[in-house]
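The basis for the numbers below is simple: all heavy atoms, side chains too, and nothing from hydrogens, waters or symmetry mates. Keep in mind it's a predicted model, so treat the numbers as computed, not measured.
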There are 2 protein chains.
Amino acid sequence: MLKDILDNNQNYQPGLSIDCVIFGFHNNQLKVLLIQVENSQKWSLPGGFVPLDQDIDTAAITVLNSRTGVEGVFLRQFAVFGKVMRNHNHFGEEVLKRMEISDEGSKWLTQRFVTIGYYALVDFSKIVPNPTNKHETVEWIDHKEVPELILDHKEILDKALDTLRTELNLMPVGYNLLPEKFTVPELQKLYETILDKKLDRRNFFRKITNIGILTKLDEKKNNVAHKAPNLYSFDKEKYDEVLKNGLNQGW
Amino acid sequence: MLKDILDNNQNYQPGLSIDCVIFGFHNNQLKVLLIQVENSQKWSLPGGFVPLDQDIDTAAITVLNSRTGVEGVFLRQFAVFGKVMRNHNHFGEEVLKRMEISDEGSKWLTQRFVTIGYYALVDFSKIVPNPTNKHETVEWIDHKEVPELILDHKEILDKALDTLRTELNLMPVGYNLLPEKFTVPELQKLYETILDKKLDRRNFFRKITNIGILTKLDEKKNNVAHKAPNLYSFDKEKYDEVLKNGLNQGW
DNA sequence: GTACATTGCGTCATTATAACACATTTGAAT
DNA sequence: ATTCAAATGTGTTATAATGACGCAATGTAC
């Protein structure tokens with residue numbers, strides 16, 4: 001995989017990569033899609049290189065798909081990471097030799113890579129982590145239990161989460177993170193998880209329903225050891241409208 | 001200048017550039033710092049290439065300084081632009097020949113460049129546009145009267161303005177955009193210009209003073225053909241505090 | 001002095017927010 | 001079957017923020 005790219009490095013944007021932070025929500029936990037390479041301790045964000053014949057936003061989709069099999073998610077650019085030493089010594093000489101990378105390929109690979117961070121919110125249940133490379137494992141990992149990551153991927157992940165927190169104050173979140181039918185308490189848990197703080201149940205209910213993006217369904221969640229909460233779905237039309245206009249006008 | 005870089009292109013990150021959108025405020029107008037190259041119709045944002053030995057955030061400062069002489073501004077990354085054809089045919093063969101660019105330099109220059117957009121808000125009065133290249137003109141231009149720009153620079157400028165509008169709802173703006181002493185109506189004009197809409201004078205006054213970032217001075221503006229408005233300055237400490245915590249908590 | 005434009009401060013109705021109380025509903029325990 | 005525990009849906013109340021105004025005060029121009 002990597003070797004294929006290196007052997008054809010003239011088809012890729014030099015010194016530029018893309019890393020994706022894919023958020024999902026399951027069991028009231030915010031999950032992140034991570035990759036572990038066989039025989040490696042560390043994990044990494046799904047990332048890759050930028051084909052010369054693709055716009056960077058397109059390349060992000062390509063990269064994510066080629067590493068995880070994930071399709072049809074809306075990726076959003078959130079930051080660029082380009083410290084001089086960010087990938088210094090990431091590929092040691094021995095590794096390059098063992099992988100039988102040509103000198104030219106090695107030189108290409110070891111230059112400073114500037115990486116563009118993209119993030120997406122996805123419906124956990126619809127995503128089947130499916131590594132395209134049999135030497136890799138793709139897994140959903142609770143964002144509170146993220147293992148050691150390669151390079152500056154921890155920083156990238158943190159920045160993505162930070163961006164998400166800010167966005168929460170400007171626009172509704174949840175459309176792609178929750179299943180089609182969900183309860184208000186579930187949505188609240190999502191907000192609480194992202195913001196990392198407790199919200200008052202009753203005030204949250206009032207505020208979120210007042211926005212007008214929720215449709216109350218004629219159905220209740222069952223199999224719960226307490227009063228069954230009502231199910232809701234997003235009113236896509238109103239949701240998009242609010243997305244466009246923003247939540248808090250401010251001025 | 002460009003030739004120097006091309007002759008030493010091995011010292012620069014290939015296919016990566018930085019473009020800066022520098023906003024100033026003067027005569028109640030939002031101004032943008034633009035560059036015009038001699039014998040060229042079009043204008044451009046101050047931009048340039050990324051030295052291999054500089055972090056991208058540092059490179060942004062270098063780039064801005066090397067094109068305009070501007071120093072000591074806080075540049076903020078806001079987006080990346082990387083359409084496949086964004087700089088296609090920007091440098092025609094004849095131009096490259098006329099500039100006596102080597103074949104290798106030409107190849108380097110005509111590859112697809114991904115550009116990182118940075119923006120800054122600066123105190124108009126403190127900035128002296130000062131082209132380092134005598135064949136270039138650096139000028140403040142009213143954002144409502146921006147001439148035709150090269151490449152996708154109009155798109156970059158628009159995106160910067162859009163980012164600025166969003167930020168206005170999250171944090172106070174003005175510290176670097178206004179002179180040390182200013183009046184509330186002046187600050188309001190700034191907000192109105194950025195948001196491109198009228199605000200109620202009295203409500204704006206109440207809201208902005210309630211934030212607690214303004215210090216009322218014992219001084220009034222003079223030479224105005226009406227009641228003299230009071231002068232204010234920013235309380236840097238409180239300003240920074242609000243910057244950190246954000247304006248609208250939202251949740 | 002008078003006219004004029006604009007500022008500073010105040011009012012008032014409406015809406016949003018935070019902090020609660022309380023009754024309801026469900027599965028589980030006895 | 002009755003009771004319990006846990007969580008939900010709705011309501012209340014005090015306080016704060018917002019939007020739409022009224023009006024007196026101030027400094028220059030005439």
Side-chain angles (χ1 to χ4, degrees), chain A residues 27-29 168-172 174 178-179 181-193 195 197-233 238 242 245-251, chain B residues 27-28 168-172 174 178 181-193 195 197-233 238 242 245-251:
Chain A
N27 283 138
N28 287 336
Q29 292 175 332
L168 214 56
N169 291 326
L170 297 172
M171 49 185 65
L178 294 173
K181 298 172 180 181
F182 56 89
T183 69
V184 171
E186 277 166 3
L187 183 56
Q188 183 182 341
K189 287 277 162 45
L190 171 61
Y191 272 68
E192 289 181 339
T193 307
L195 294 170
K197 72 173 177 192
K198 281 243 158 283
L199 301 174
D200 183 273
R201 193 172 54 79
R202 297 149 288 189
N203 293 335
F204 180 83
F205 188 90
R206 177 164 34 105
K207 196 166 170 181
I208 203 81
T209 49
N210 274 345
I211 296 175
I213 54 174
L214 297 183
T215 308
K216 186 173 181 171
L217 302 176
D218 226 5
E219 202 176 339
K220 284 166 192 289
K221 187 175 181 106
N222 46 21
N223 294 323
V224 281
H226 51 75
K227 175 170 176 178
N230 216 297
L231 285 170
Y232 287 78
S233 67
K238 294 232 180 98
V242 178
N245 300 328
L247 267 181
N248 300 310
Q249 287 304 22
W251 300 96
Chain B
N27 282 138
N28 288 334
L168 213 57
N169 291 326
L170 296 171
M171 49 187 64
L178 293 174
K181 298 172 181 180
F182 55 89
T183 69
V184 172
E186 277 165 5
L187 183 55
Q188 182 182 341
K189 288 276 164 43
L190 170 60
Y191 272 68
E192 289 181 338
T193 306
L195 295 170
K197 73 173 173 189
K198 281 242 157 283
L199 301 174
D200 183 272
R201 196 171 53 82
R202 296 150 289 192
N203 293 334
F204 180 82
F205 189 90
R206 185 180 26 166
K207 197 166 170 182
I208 203 80
T209 49
N210 274 344
I211 296 173
I213 54 174
L214 296 184
T215 308
K216 185 173 181 174
L217 303 176
D218 226 4
E219 201 176 341
K220 285 168 194 289
K221 189 177 180 103
N222 44 22
N223 294 323
V224 282
H226 52 76
K227 176 172 177 179
N230 216 297
L231 285 169
Y232 286 79
S233 67
K238 295 231 179 97
V242 177
N245 300 328
L247 269 181
N248 299 310
Q249 288 303 22
W251 301 96

- prompt: Starting at the 5' end of DNA chain C, which residue's closest nucleotide do you reach first, B/Leu231 or B/Trp251?
  reply: B/Leu231
message: By nearest heavy atom, map B/Asn203 and B/Pro185 onto DNA chain C; which one lands nearer the 5' end?
response: B/Pro185
query: Taking the six-membered ring for Trp, are A/Trp251 and B/Phe204 parallel (under 30°), tilted (30 to 60°) or perpendicular (over 60°)?
result: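 Geometry flag for B/Phe204 against A/Trp251: tilted rings.
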Whole angstroms only, please: what is the [atom1]-[atom2] distance between [X] and [N]?
| X | N | atom1 | atom2 | value |
| --- | --- | --- | --- | --- |
| A/Leu199 | C/dA19 | CG | C1' | 14 Å |
| B/Asn223 | D/dA29 | CG | C1' | 13 Å |
| B/Asn230 | C/dT6 | CG | C1' | 14 Å |
| A/Glu219 | C/dT25 | CD | P | 18 Å |
| B/Asn222 | C/dT7 | CG | C1' | 15 Å |
| B/Asn169 | D/dT18 | CG | C1' | 15 Å |
| B/Phe204 | C/dG8 | CZ | P | 12 Å |
| A/His226 | D/dA6 | NE2 | P | 11 Å |

Could you tell me if the side chain of [Y] sits less than 4.5 Å from the side chain of [X], heavy atoms only?
| X | Y | answer |
| --- | --- | --- |
| A/Ile211 | A/Pro172 | no |
| A/Leu190 | A/Leu187 | yes |
| B/Tyr232 | B/Ile213 | no |

Suppose we call a contact any N or O donor and acceptor under 3.5 Å apart; does that hold for the side chain of [X] and the base of [N]?
| X | N | value |
| --- | --- | --- |
| B/Arg201 | C/dG8 | yes |
| B/Lys227 | C/dT7 | yes |
| A/Arg202 | C/dA18 | no |
| B/Arg206 | C/dG10 | no |

task: Would you indicate what B/Asn210 reaches in the nucleic acid, counting non-hydrogen atoms under 4.0 angstrom: base, sugar-phosphate, or nothing?
output: nothing
message: Does A/Val184 reach a base, just sugar-phosphate, or nothing at all? Heavy atoms under 4.0 Å.
response: nothing
Can you figure out which of [options] approaches the side chain of [X] most closely?
| X | options | value |
| --- | --- | --- |
| B/Asp200 | C/dC20, C/dT7, D/dC21 | D/dC21 |
| A/Ala225 | D/dT8, C/dA18, C/dA28 | C/dA28 |
| B/Phe205 | C/dG8, D/dA20, D/dT8 | C/dG8 |

query: Between atom CG of A/Asn230 and atom OG1 of A/Thr183, what is the distance when rounded to the nearest 0.5 Å?
result: 9.0 Å
field: B/Ile208 and its side chain to side chain contact (heavy atoms under 4.5 Å, CB included) partner, picked from B/Leu199, B/Leu214, B/Asn203
entry: B/Leu214
message: Side-chain N or O of A/Lys207 versus OP1/OP2 of C/dT17: is the shortest distance under 4.0 Å?
response: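 Answer yes for this pair, as a side-chain N or O of A/Lys207 is under 4.0 Å from OP1 or OP2.
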task: State whether B/Lys216 places a side-chain N or O below 4.0 Å from either non-bridging phosphate oxygen (OP1 or OP2) of C/dC9.
output: yes
